[in-house]
Protein chains: 2
Amino acid sequence: MAKVDTSLVAHLPLFAGVSPDALDEILREARSARYPRNSAIFEQGADAQSFFLLLHGHVRAAKTTPTGEQIVVRYVAPGETFGLAMAIGAARYPATAIAVDDSVVLIWPTSAWPRLVERFPALAANTLQTVGTRLQESHTRILEISTQQVEQRVAHALLRLAKQSGKKLDHGIEIDFPISRQDIAQMTGTTLHTVSRILSGWESQGLVESGRQRIILREPHRIVVLAEQSPDSGAA
Amino acid sequence: MAKVDTSLVAHLPLFAGVSPDALDEILREARSARYPRNSAIFEQGADAQSFFLLLHGHVRAAKTTPTGEQIVVRYVAPGETFGLAMAIGAARYPATAIAVDDSVVLIWPTSAWPRLVERFPALAANTLQTVGTRLQESHTRILEISTQQVEQRVAHALLRLAKQSGKKLDHGIEIDFPISRQDIAQMTGTTLHTVSRILSGWESQGLVESGRQRIILREPHRIVVLAEQSPDSGAA
DNA sequence: CGGGGTGTTTGCGATAGCGCAAAACCAGCC
DNA sequence: GGCTGGTTTTGCGCTATCGCAAACACCCCG
């Protein structure tokens, strides 16, 4: 089994308050794996046999309806956990996880969780914290979808992505992984057509620069303004 | 301080795996209070000084935007906890809680949480479970808002309320607390007008019986059908 | 028993955003 | 260097849903 370097993960929120020895013990239960771009890490509905910690890359968690429509639940950034079905008492994954970039993850068997939590209660407390944060974000998203128009929602979504996974360039902030119009549509509850129109508009105003699965925010400040605009106060 | 009867709460998920003695100790830290109908239990943005367990009644948790629009985050049923800002590391309540019926709650000071969790790790595990479940429900809601039309969303919302807080009558299932069209609109991301139209329609088909802040599902089965209908397969 | 106030219904435009379809684009690959 | 397949753009008509406004219904209260 590959040895995992504790120093790489010790600072993560998940391990806050966990001693180096304990961390070592925890990591001994994990194995690591590499997923190439566009490969599935787990599928919605499958037995939740493992939970994951992303070390490198980016992962998209998406939920599919019986009729085939999808929404993006979130993008996982390095250092975050995902596939925590067991923590919430679910036997199956409620979403599908796809590596959107070549990614490296740590994998624990779900069966190890109860034991780990018993030995290291801080794990439960830390996980509670992150799950709670996600719950709040989720509520915020509901609020947005319910009260704002599409353009504002897209603005918010891109700003969040930029904050979470933005790479600073001299001419703006680039979102650091491949993302399509379709993906953005599924994050904001609209269609790829509408997203395309919006981005085209922004591009012609010099707010963004975008291409195939690639987006650069050129004028983050002015996009913030868009995001916070009330429904009517728009341009003439 | 009023003595709380442990037998009333011992079976709640929050206290799963907690011994009677421990439970007693936990309850000693709580006080109980009664909130009359329509009174606020806490306001969004206020210091999260307490967390709550609902014993009797019903509580609506709602989130308000800077511009004043509201959404209903959830309805709290007896036996459920709410106001858990501290568990997720928030210093302020992210939503407002209003008693929609005369309600009785147990109240713990937020400051007691760390100590309780340390002494009774099961509390953290149980809370993680419920927060996780709420997160999933929240994702499901996002999926619905993003992919279904209003009528289906309203159908789902009412069915959930009926399941959670329905009172069985011989002629149907009545939602057991006062709820307005406006409330339903805020649960489903639409307007009270649209909800009113939908309910009027249903009423004329004998699916529901409704009045001022009162809804009875007469034909739950047929409403389920509506809820699951795909966007186009509607009536001619 | 007569208000007053809140919640509900309904009509009637207005429109944001969808859905379809076609065309253009682009990146890699043989 | 020309194909091929996925992605993006854009035009156009359509409609579900909103928003406003006015009329109602009902409950509580005095």
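Reminder, nothing fancy here: chain letters follow the sequence lines and each chain counts from 1.
- Looking at heavy atoms from C-beta onward, A:His221 lies out of side-chain contact with A:Val225 at the 4.5 angstrom threshold.
- For A:Gln152 and C:dG17, the CD to P distance is 9 Å, given to the nearest whole Å.
- Here D:dC28 presents its C1' atom at 13 Å from CD of B:Gln213, a figure rounded to the nearest Å.
- One finds no side-chain N or O of B:Gln182 lying less than 4.0 angstrom from the OP1 or OP2 phosphate oxygen of C:dG7.
- Close to D:dG6, at under 4.0 Å from its OP1 or OP2, lies no side-chain N or O of A:Ser180.
- D:dG6 atom P lies 12 Å from atom CG of A:Asn38, rounded to whole Å.
- In the interface, the side chain of A:His193 is not paired with the base of D:dT8 through any donor and acceptor atom under 3.5 Å apart.
- For the pair B:Thr190 and D:dC18, the criterion of a side-chain N or O lying under 4.0 Å from OP1 or OP2 is met.
- In this structure, A:Leu192 places its CG atom 8 Å from C1' of D:dT8, rounding to the nearest Å.
- Distance B:Ile184 CD1 to C:dT8 P: 8 Å, rounded to the nearest Å.
- Counting only N and O atoms by type, the side chains of A:Gln70 and A:Thr64 include a donor and acceptor under 3.5 Å apart.
- Phosphate contact (OP1/OP2 of D:dC18, side-chain N/O of B:Thr194, threshold under 4.0 Å): present.
- Between the base of D:dT17 and the side chain of B:Arg197 there is no donor-acceptor pair shorter than 3.5 Å.
- Atoms CG (B:Leu199) and C1' (C:dT9) sit 11 Å apart, rounded to a whole Å.
- Between A:Ser138 and B:Arg141, the side chains place no donor N or O within less than 3.5 Å of an acceptor N or O (distance only, hydrogens not considered).
- In this structure, B:Glu69 places its CD atom 9 Å from P of D:dG19, rounding to the nearest Å.
- Scanning all heavy atoms of the two residues, the minimum distance from B:Pro94 to B:Lys63 falls at O-NZ, 3.2 Å.
- Atom P of nucleotide D:dT9 and atom CD1 of A:Ile215 are separated by 9 Å, given to the nearest angstrom.
- Taking CG of B:Leu158 as the start and NE2 of B:His156 as the end, the distance is 11.0 Å to the nearest 0.5 Å.
- For A:Arg212 and D:dG6, the shortest distance from a side-chain N or O to OP1 or OP2 is not below 4.0 Å.
- Checking the phosphate oxygens (OP1, OP2) of C:dT10, a side-chain nitrogen or oxygen of B:Ser200 falls inside 4.0 Å.
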